[in-house]
Amino acid sequence: MNQSMKNLQAELDRRRAAHLYRSRRVTEGPQGPEVSVNGESLLGFCSNDYLGLAADPRVAEAMIRGVREYGVGSGAAHLVTGHSRAHHALEEELADFVGRERALLFSTGYMANLGVVTALVGAGDSVFEDRLNHASLLDAGLLSRARLSRFPHADAAALDERLAASRAENRLVVTDGVFSMDGDIAPLAALAETARRHEAWLLVDDAHGLGVIGPGGTGCTGQAGLGSADVPILVGTLGKGFGTFGAFVAGDAVLIENLIQQARSYIYTTALPPAVAEATRESLRIVREEGWRREHLQSLVARFRAGAERLGLDLMPSSTPIQPLLVGGAGPALAISDALRERGLLVGAIRPPTVPEGTARLRITLSAAHSEAHVDRLLEVLDEVWEA
Ligand SMILES: *Cc1c(COP(=O)(O)O)cnc(C)c1O
């Protein structure tokens, strides 16, 4: 082994010793409350398939029809010949759904965030990000070469001070809508008001809110009644509540046309398979029409929180299907996750650097595909293992 390889091995050893080693589970079969992991059937509470659409037969059928019509690959980037009628129709339907002039599809949320932030700001500009923003947003800020300022979580007053002190020409404020590891919702009305007063842009990444919360599933911005004048840049992802794959940015036509010209992660990559766009069109139709999925999900959230409170578990202030239980150390979080698994439950332990040091947690997520009995079972098993 040369020195570089030894360093790599030492890094793995260090992570293992600190309970920070990550490994993958091999799953089989479709997404659903019951997941098969290494041949063992477990009741899962860690997927982002909040509405239970990832394995919906209608969505699967739409994808199959898409494959019959378009084949599998898109063949090229959107600006070459990869932009099919399926992509175009989905963009129009997404724009209508979120009440914005236009929407632009990206291959993933990670790429959407890199693309939009780097297109809008560069050297000499400033980006203001909530400390707990998703990694893709923080990476986008770093990649942009703008000055990156991370403000205290959900603190519009702190943002106000920083914006007041900034002399940068272009200022971009960036926040998760629903925070992915905490489940709480950004104070969007206050952030929008602050950004507007300082003539800064506001980008909201509503990966966990769209489809899932707000009137008709329109997410955090819908819930707060904020349109394009308040939140000019809205990012949504399609691999979570929508159950498929991909992402989009929505906003005014002038924003979208600029992204088409400038967003490198849009321009220099192959378009999504058109069949995935067809599947997402069907999924969007279901999101809009089947409000019972959101109602059922909200009732499961309430049931879980009431039960967890009775058991004295350390709930976080979340009204969304992301219901983390704070543990603290990475070792204990892993131990609880292992104990749950021995009793047939799959719940991920989220550890640094995904969350700040000392705040390792069980990230429990609920889905419209869960039943009340599933939630009761979760509470029963949590009660058994928590004290131990
Ligand atoms: C999951 C997530 C992303 C990344 O989306 P992908 O489509 O999975 O790449 C971006 N932002 C937030 C807030 C997320 O939770």
Side-chain angles (χ1 to χ4, degrees), residues 22 24 31 46-51 53-54 87 90-91 94 98 103-118 127 129-144 150 153-154 172-186 188 191 202-214 219-221 223 231 233-250 259 263-266 269-273 276-277 279-280 283-284 287 316 318 320-324 348 350 353-355 361 363-367:
R22 298 159 186 253
R24 300 166 306 168
Q31 288 295 313
C46 45
S47 122
N48 299 318
D49 180 24
Y50 302 116
L51 298 177
L53 294 177
H87 295 112
L90 175 59
E91 288 183 344
L94 286 168
V98 295
L104 187 70
L105 281 176
F106 282 76
S107 296
T108 68
Y110 202 121
M111 291 171 74
N113 285 334
L114 291 189
V116 66
V117 173
T118 59
V127 182
E129 301 218 19
D130 188 290
R131 294 200 73 76
L132 298 188
N133 274 356
H134 189 261
S136 59
L137 292 169
L138 296 168
D139 290 356
L142 291 171
L143 187 64
S144 73
R150 297 176 71 182
H153 177 53
L172 172 64
V173 176
V174 178
T175 185
D176 279 24
V178 174
F179 285 86
S180 52
M181 297 300 138
D182 294 65
D184 60 331
I185 298 174
L188 290 184
L191 294 175
L202 175 60
L203 181 163
V204 174
D205 173 353
D206 205 9
H208 299 271
L210 278 168
V212 181
I213 62 173
C220 306
T221 56
Q223 186 160 294
V231 178
I233 309 154
L234 178 62
V235 175
T237 69
L238 303 169
K240 291 169 181 159
F242 290 88
T244 60
F245 190 76
F248 67 95
V249 178
L259 295 181
R264 294 169 65 85
S265 60
Y266 180 77
T269 199
T270 301
L272 280 176
V276 172
T280 308
S283 159
L284 175 59
V287 163
M316 293 175 67
S318 161
T320 68
I322 302 170
Q323 290 292 329
I350 307 289
T354 307
V355 292
R361 64 199 68 178
R363 181 175 181 269
I364 292 169
T365 56
L366 299 172
S367 162

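Atoms within each ligand, like the ligands themselves, are counted from 1 in listed order. Numbers for residues simply follow the sequence, beginning at 1.
- Taking every heavy atom of Asp176 and a limit of under 4.0 angstrom, the matching atoms of ligand 1 come to 13 (C).
- Counting only heavy atoms of the protein, atom 4 (C) of ligand 1 lies nearest to Tyr110 N, 3.7 Å.
- Minimum interatomic distance between Asp49 and Ser367 (heavy atoms only, all atoms of both residues): O-OG, 3.0 Å.
- For Thr108, heavy-atom contacts with ligand 1 shorter than 4.0 Å involve the backbone as well as the side chain.
- In summary, the atoms of ligand 1 found under 4.0 Å from a heavy atom of Ser180, numbered by their order in the structure, are 15 (O).
- One distance of note links CG of Leu143 with CG of Leu138; it measures 12.5 Å at 0.5 Å rounding.
- Protein heavy atom in closest approach to atom 13 (C) of ligand 1: Asp205 OD2, 3.3 Å.
- Ser136 places no side-chain N or O within donor-acceptor distance of the main-chain N or O of Tyr110, the cut-off being under 3.5 Å.
- Aromatic pair Phe179/His208: centroids not less than 6.0 angstrom apart.
- Of the N or O atoms in Gly109, one or more lie within a sub-3.5 Å distance of an N or O in ligand 1.
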Original post:
How far apart are the C-alpha atoms of Arg22 and Thr354, what are their side-chain angles, what is the distance that settles it, and do they pass the side-chain hydrogen bond (donor to acceptor under 3.5 Å, both in side chains) test?
Top reply: CA-CA 11 Å; Arg22 298 159 186 253; Thr354 307; 3.0 Å; yes

**OP:** In sequence, state the C-alpha distance, the side-chain angles, and the governing distance for Ser107 and Thr269, and then conclude on side-chain hydrogen bond (donor to acceptor under 3.5 Å, both in side chains).
**Re:** CA-CA 8 Å; Ser107 296; Thr269 199; 4.7 Å; no

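- Heavy atoms of Ser136 found under 4.0 angstrom from ligand 1 belong exclusively to the side chain.
- Residue His208 has at least one nitrogen or oxygen atom sitting less than 3.5 Å from a nitrogen or oxygen atom of ligand 1, judged on distance alone.
- The part of Lys240 lying near ligand 1 is the side chain, judged by heavy-atom distances below 4.0 Å.
- A distance of 9.5 Å separates CG of Asn133 from NE2 of His153, quoted to the nearest 0.5 Å.
- The Thr237 neighbourhood of ligand 1 comprises atoms 5 (O), with distances under 4.0 Å to a heavy atom of that residue.
- Here the straight-line distance linking atom NZ of Lys240 with atom CG of Leu53 works out to 15.5 Å at 0.5 Å rounding.
- Contacts between Asn113 and ligand 1 below 4.0 angstrom, taking non-hydrogen atoms only, involve the side chain exclusively.
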